[in-house]
Amino acid sequence: PIGACSISIMATVKTPGVLWAQREDRLFITIDVKNSVDNKFDISEEALKYSGKNKEGQSFAVDLEFHAPIKTEDSEKLINDSRLFFTLIKKEEGDYWPRLLKDKRKMHWLKIDFNKWKDEDEEEDDATVPDMGSMEGFGGGGMPPGMGGMGGMGGMGGMGGM
């Protein structure tokens with residue numbers, strides 16, 4: 001019929017944002033899917049495959065083919081309302097990987113997690129990830145304890161002769 005139109009809505013699968021960081025022995029991967037449901041994971045030595053939906057019904061999927069193998073038996077995952085977290089153990093401890101993926105191309109959805117990143121040459125005194133919001137000694141205006149600020153500079157006593 002004239003004037004009638006049919007609209008077919010195809011459910012598109014989006015690639016979620018992925019953050020990553022590493023240490024000599026492990027990888028930290030965060031998949032950014034808020035309110036995820038129907039989560040499916042496949043973790044192998046070579047890849048992490050994820051698919052799922054958010055509560056609004058939007059489908060997400062990502063296939064991370066790793067630069068080098070990991071140990072699947074030691075991998076951990078944590079899922080909360082805003083993200084999916086993975087800690088994956090590298091099969092060969094030692095050198096930092098030059099990139100997360102086998103593919104050398106830049107992926108717009110893959111970014112470094114600077115909150116968890118630690119450079120190779122930084123001392124590995126502990127395996128914890130620092131919480132940047134609670135850096136001791138630098139709260140309240142960025143002044144170290146005891147500095148107290150300049151106070152109002154009232155009168156600048158002792159500066160006579162200027």
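Sequence positions, counted from 1, serve as the residue numbers for this chain.
For K116 and Q22, the side-chain atoms include no donor-acceptor pair closer than 3.5 Å.
Y50 and V18 fall within a single hydrophobic cluster, where Ile, Leu, Val, Met, Phe, Trp and Tyr are joined by side-chain heavy atoms under 4.5 Å apart, directly or via other members. Cluster membership check: M107 shares its hydrophobic cluster with V62, using side-chain heavy-atom separations under 4.5 Å among Ile, Leu, Val, Met, Phe, Trp and Tyr. With hydrophobic clusters built from ILVMFWY side chains whose heavy atoms lie under 4.5 angstrom apart, F85 does not share a cluster with I79. Following chains of ILVMFWY side-chain contacts shorter than 4.5 Å, one can reach F86 starting from L101, so the two form part of one hydrophobic cluster. Residues L78 and I70 fall into different hydrophobic clusters, defined by Ile, Leu, Val, Met, Phe, Trp and Tyr side chains chained together at heavy-atom separations under 4.5 Å.
Remark: R23 CZ to T87 OG1 distance equals 10.0 Å, nearest 0.5 Å. How far CG of L88 is from CG of L48: 6.5 Å, rounded to the nearest 0.5 Å. In this structure, I89 CD1 and E73 CD are separated by 9.5 Å, a value rounded to the nearest 0.5 Å. Rounded to the nearest 0.5 Å, atoms NZ (K49) and CZ (F41) are 15.0 Å apart. The OG1 atom of T15 sits 11.0 Å away from atom CD1 of I31, with the distance rounded to the nearest 0.5 Å. Taken to the nearest 0.5 Å, the CD1 atom of I43 stands 12.5 Å off from the CD atom of E45.
Between W20 and W117, the ring planes lie perpendicular to each other; the angle is over 60°, past the 30° to 60° tilted range.
Between S82 and D32, the shortest heavy-atom distance links the atoms O-OD1, 3.4 Å. For Y96 against E24, the heavy-atom pair with the smallest separation is CE1-N, 3.4 Å. For H67 against R99, the heavy-atom pair with the smallest separation is CB-O, 3.4 Å. Here the closest heavy-atom approach between residue A61 and residue P16 is recorded as O-CD, 3.4 Å. Here the shortest heavy-atom pairing between V33 and K53 reads CG1-O, 4.4 Å. The shortest non-hydrogen separation linking L84 to S36 is CD1-OG, 4.2 Å.
Here R105 pairs with D103 in a salt bridge; the nearest charged N to carboxylate O distance falls below 4.0 Å. Salt-bridge annotation for D42 and K40: absent, with no side-chain N of the basic residue lying under 4.0 Å from a carboxylate O of the acidic one.
In the displayed structure, D95 atom CG is contacted under 6.0 Å by at most 12 heavy atoms of other residues, nucleotides or ligands. In K91, the NZ atom is not crowded: 12 or fewer heavy atoms of neighbouring residues, nucleotides or ligands sit closer than 6.0 Å.
The main-chain N or O of A68 is never found under 3.5 Å from a side-chain atom of E92 such that the two would form a donor-acceptor pair.
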*Are V37 and N54 close enough, and set up right, to give a side-chain contact (heavy atoms from CB on, under 4.5 Å), and what steps lead you there?*
CA-CA 6 Å; V37 293; N54 62 16; over 6 Å; no
*Would you sort out whether Q58 and K14 count as a side-chain contact (heavy atoms from CB on, under 4.5 Å), showing the intermediate values?*
CA-CA 8 Å; Q58 174 63 58; K14 291 186 176 181; 3.5 Å; yes
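Here the side chains of R83 and T30 are in contact, with some heavy-atom distance below 4.5 Å. In this structure the side chain of L64 reaches within 4.5 angstrom of the side chain of I29, judged on heavy atoms.
Cation-pi geometry between K102 and F66 is not met at under 6.0 angstrom from the ring centre and within 45 degrees of the axis.
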